[in-house]
Amino acid sequence: QVQLVESGGGLVQAGGSLRLSCAVSGRTFMRYGMGWFRQAPGKEREFVAAINWRGSSTYYADSVKGRFTISRDNAKNTVYLQMNSLKPEDTAVYYCATNNLAGIRVVVTDYDYWGQGTQVTVSS
């Protein structure tokens, strides 16, 4: 059974940083692309960042480009999201997900397994 477990969320002031982690089990992690999404109250889940199977290619939403960095450690079956210069509009539940392909995907429906989410709250 595939499981994804996020951690690292919390409350931070605007301008601060957080590092999210997502540990994956039950799947050959290194074969698949990974992504981070977020969902704010009353809004649809939106793409944040994605990384290919090898970690050689990344892609970001315009809203986080230059502030967030996605990375992965295939030896630890873990993907990370380093979030710097956080803004109140970054407040959301953040989800990691794995897609069934090796490359970059930005659409929610391209991902087949999801974590339970971790809350990130940025105060002004």
Side-chain angles (χ1 to χ4, degrees):
Q1 183 177 357
V2 180
Q3 288 190 320
L4 291 79
V5 180
E6 301 101 336
S7 61
L11 173 64
V12 64
Q13 288 189 333
S17 298
L18 284 174
R19 188 194 195 202
L20 305 184
S21 300
C22 173
V24 181
S25 60
R27 166 170 273 191
T28 306
F29 177 77
M30 66 174 65
R31 291 183 183 175
Y32 301 102
M34 297 291 299
W36 285 96
F37 291 75
R38 67 187 181 186
Q39 188 166 17
K43 296 188 177 181
E44 292 188 352
R45 191 167 299 189
E46 65 174 4
F47 169 77
V48 174
I51 189 166
N52 70 339
W53 69 279
R54 196 166 53 178
S56 59
S57 181
T58 58
Y59 188 77
Y60 298 92
D62 288 344
S63 58
V64 307
K65 201 173 296 183
R67 300 188 298 122
F68 290 11
T69 302
I70 187 172
S71 61
R72 65 190 295 161
D73 185 337
N74 284 347
K76 295 182 178 180
N77 287 3
T78 301
V79 63
Y80 304 96
L81 186 68
Q82 177 67 45
M83 305 186 295
N84 299 328
S85 303
L86 282 161
K87 304 175 181 180
E89 51 264 42
D90 295 318
T91 295
V93 177
Y94 283 71
Y95 299 89
C96 68
T98 175
N99 71 55
N100 57 6
L101 299 168
I104 299 288
R105 293 293 183 270
V106 302
V107 177
V108 168
T109 52
D110 284 338
Y111 288 80
D112 51 359
Y113 292 99
W114 294 80
Q116 82 287 351
T118 185
Q119 177 70 46
V120 171
T121 303
V122 184
S123 63
S124 57

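When a residue number appears, it is its place in the shown sequence, counting from 1.
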**Complete:** Ser124 and Ala14 have their tightest heavy-atom pair at CA-CB, 4.4 Å
**Request:** State plainly whether one hydrophobic cluster holds both Ile104 and Ile70, where clusters connect Ile, Leu, Val, Met, Phe, Trp and Tyr through side-chain heavy atoms under 4.5 angstrom apart.
**Result:** no
**Item:** Nearest heavy-atom neighbours spanning Asn84 and Ser17
**Value:** OD1-OG, 2.9 Å
**Request:** Assess whether side-chain contact (heavy atoms from CB on, under 4.5 Å) is satisfied between Arg38 and Asp90, documenting all intermediate values.
**Result:** CA-CA 9 Å; Arg38 67 187 181 186; Asp90 295 318; 2.9 Å; yes
**Fill in**
What one should report as the nearest heavy-atom pair of Leu4 and Met34 is CD2-CE, 4.0 Å
**Asked** Has the side chain of Asn52 got a donor or acceptor atom that lies under 3.5 Å from a matching backbone atom of Ser57?
**Response** yes
**Complete:** Value for CG (Leu11) from CD (Gln119), rounded to nearest 0.5 Å, stands at 9.5 Å
**Asked** Just how far is it from atom OH of Tyr113 to atom CG of Asn99, taken to the nearest 0.5 Å?
**Response** 12.5 Å
**Item:** ILVMFWY cluster, Tyr95 and Met83 together (side-chain gap under 4.5 Å)
**Value:** no
**OG1-CE distance between Thr28 and Met30, expressed to the nearest 0.5 angstrom** = 8.0 Å
**Cluster link Ile51 to Tyr60, ILVMFWY, side chain under 4.5 Å** = yes
**Item:** Name of the residue among Leu18, Leu20, Leu86 meeting side-chain contact (heavy atoms from CB on, under 4.5 Å) with Phe68
**Value:** Leu86
**Heavy-atom pair of closest approach, residues Gly33 and Arg72** = CA-NH1, 4.0 Å
**Message:** Take a 6.0 Å sphere around NZ of Lys43 and say whether it holds more than 12 heavy atoms from other residues, nucleotides or ligands.
**Reply:** no
**Spacing of Cys22 atom SG and Phe29 atom CZ [to the nearest 0.5 Å]** = 7.5 Å
**Message:** Measuring from atom CG of Asp112 to atom CG of Asn100, what distance do you get when rounded to the nearest 0.5 angstrom?
**Reply:** 4.5 Å
**Neighbour count above 12 (heavy atom, 6.0 Å) for Tyr59 OH** = no
**Prompt:** Any chain of hydrophobic side-chain contacts (each under 4.5 Å) joining Val12 to Val64?
**Reply:** yes
**Prompt:** With distance as the sole test, does Glu6 use its side chain to make a donor-acceptor pair with the main-chain N or O of Gln116 at under 3.5 Å?
**Reply:** yes
**Fill in**
Note: Ala50 and Tyr111 closest approach over all heavy atoms is CB-OH, 3.7 Å
**Request:** Please confirm whether Arg19 makes a cation-pi placement over Tyr80, using NZ or CZ under 6.0 Å from the six-membered ring centre and within 45° of the ring normal.
**Result:** yes
**Asked** Below 6.0 angstrom between ring centroids: does that apply to Trp114 and Phe37?
**Response** yes
**Asked** Quick one: does Thr91's side chain have a donor or acceptor within less than 3.5 Å of a partner on Val122's backbone?
**Response** yes
**same_hphob_cluster(Tyr94, Val5) at 4.5 Å side-chain heavy-atom cutoff** = no
**Asked** Which pair of heavy atoms, one from Thr98 and one from Tyr32, lies closest together, and at what distance?
**Response** OG1-CB, 3.6 Å
**Prompt:** Taking the side chain from Thr78 and the backbone from Lys76, do they hold a donor-acceptor pair closer than 3.5 Å?
**Reply:** yes
**Complete:** d(Trp53 CH2, Leu101 CG) to nearest 0.5 Å is 14.0 Å
